[in-house]
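Below: the structure, in structure tokens.
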Amino acid sequence: MKAGKVWGETRALLVTPMLEVHDLLIVPHAYCSLHRHRARCNAFVVTRGRLWIDVRQDDYALTDATELGVGELAVVPPGLWHRFRSGEEGAACLELYYPPALAGADIERRDVGGQGKAPTWLP
């Protein structure tokens, strides 16, 4: 489904209960609303141009601005106010929504990796 937005357009590529992927086309010098997601991570992978992701930190009075180029990724955890904005050339990106459990919270480690010969035993 394709939808026009004040900042460009969005097209849903995949919508499942665990993952959503949207293709965003962002016109030059545009930005989305300042918003947050209560329960989902929001990730952005730039496919054309440059994109800035502004994230308001809850634990200190600061807004972090991350500049992304083609192939770069930024992830915003649930609960943080954020927006994206484009520059002079506009941008395109893949936007993903997924629950935090898919973001690495389910991993449990028994040791750390390294270089050289790996241990042949399990702790």
Side-chain angles (χ1 to χ4, degrees):
M1 179 180 84
K2 182 176 172 180
K5 300 284 189 174
V6 66
W7 44 260
E9 62 185 44
T10 182
R11 185 169 46 112
L13 301 177
L14 175 70
V15 177
T16 75
M18 295 299 285
L19 174 67
E20 287 188 35
V21 180
H22 298 253
D23 186 24
L24 306 185
L25 179 60
I26 304 151
V27 299
H29 299 292
Y31 57 93
C32 71
S33 64
L34 184 63
H35 66 284
R36 66 180 172 182
H37 305 276
R38 291 190 179 111
R40 299 185 295 180
C41 294
N42 194 187
F44 303 88
V45 180
V46 175
T47 57
R48 183 178 57 77
R50 301 200 76 68
L51 191 66
W52 286 260
I53 309 299
D54 299 328
V55 180
R56 177 72 179 177
Q57 299 301 322
D58 283 341
D59 51 353
Y60 50 93
L62 180 70
T63 298
D64 288 327
T66 302
E67 181 179 356
L68 301 174
V70 173
E72 294 183 313
L73 164 79
V75 177
V76 180
L80 294 181
W81 292 96
H82 63 283
R83 79 166 84 235
F84 62 75
R85 56 189 167 87
S86 65
E88 187 173 319
E89 62 184 296
C93 73
L94 295 176
E95 180 182 35
L96 296 88
Y97 300 104
Y98 55 92
L102 294 179
D106 66 333
I107 191 167
E108 182 178 359
R109 298 185 192 280
R110 295 290 302 265
D111 67 2
V112 297
Q115 295 183 11
K117 187 175 177 187
T120 57
W121 52 271
L122 295 176

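By convention here, the first residue in the shown sequence is residue 1. Here the structure is a predicted model, which means the values were calculated and not measured. Heavy atoms only: backbone and side chains are in, while hydrogens, waters and symmetry mates are out.
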Taking side-chain contact (heavy atoms from CB on, under 4.5 Å) as the test, write out the residues that go with L14, two or more places apart.
-> T16, L19, V21
Can you name the closest pair of heavy atoms from R83 and C32 and give their distance?
-> NH1-O, 2.9 Å
Side chains of V76 and F84 in contact at under 4.5 Å (non-hydrogen atoms) = no
Is L34 isolated, or which residues cluster with it under the ILVMFWY side-chain rule of less than 4.5 Å, directly or via members?
-> W81
Those residues at least two apart in sequence (or on a different chain) that pass side-chain contact (heavy atoms from CB on, under 4.5 Å) with A30 are W7, I26, V27, S86
Evaluate the side-chain proximity of L80 to Q57: yes if any heavy-atom separation is below 4.5 Å, no if none is.
-> yes
Using residues 39-46 as the side-chain source, report each donor-acceptor pair under 3.5 Å to any protein atom, sequence neighbours left out, with the distance given to one decimal.
from : atom 1 : to  : atom 2 : distance (Å)
R40  : NH1    : E20 : OE2    : 3.2
N42  : OD1    : H37 : NE2    : 3.1
N42  : OD1    : H82 : NE2    : 2.9
N42  : ND2    : E95 : OE2    : 3.2
N42  : ND2    : L96 : O      : 3.3

Kindly write out the residues that satisfy side-chain contact (heavy atoms from CB on, under 4.5 Å) with E9, not counting sequence neighbours, or none if the list is empty.
-> K2, L25
Partners of E67 by salt bridge (charged side-chain N to carboxylate O under 4.0 Å, His left out), sequence neighbours excluded?
-> R50
Looking only at heavy atoms, which two atoms of P28 and E89 are closest? And how far apart?
-> CG-C, 4.0 Å
Please tell me if the side chains of L94 and L13 come closer than 4.5 Å, counting only heavy atoms from C-beta onward.
-> yes
All pairs passing salt bridge (charged side-chain N to carboxylate O under 4.0 Å, His left out) where residues 22-38 contributes a residue, at least two apart | R11-D23
Qualifying residues under side-chain contact (heavy atoms from CB on, under 4.5 Å), relative to R85, sequence neighbours excluded = Y31, W52, D54, A65
Among the clusters formed by ILVMFWY side chains lying less than 4.5 Å apart, do Y97 and L73 turn up in the same one?
-> no
When you measure from the side chain of T10 to the backbone N and O of A3, does any donor-acceptor pair fall under 3.5 Å?
-> no
Nearest 0.5 Å, what's the CG-CD1 distance between D64 and I53?
-> 12.0 Å
Interatomic distance, R56 atom CZ to L62 atom CG [nearest 0.5 angstrom] | 7.5 Å
Contacts of R48 that satisfy salt bridge (charged side-chain N to carboxylate O under 4.0 Å, His left out) - sequence neighbours left out | none
Please answer: with hydrophobic residues joined when any side-chain heavy atoms are less than 4.5 Å apart, are L51 and V6 in the same cluster?
-> yes
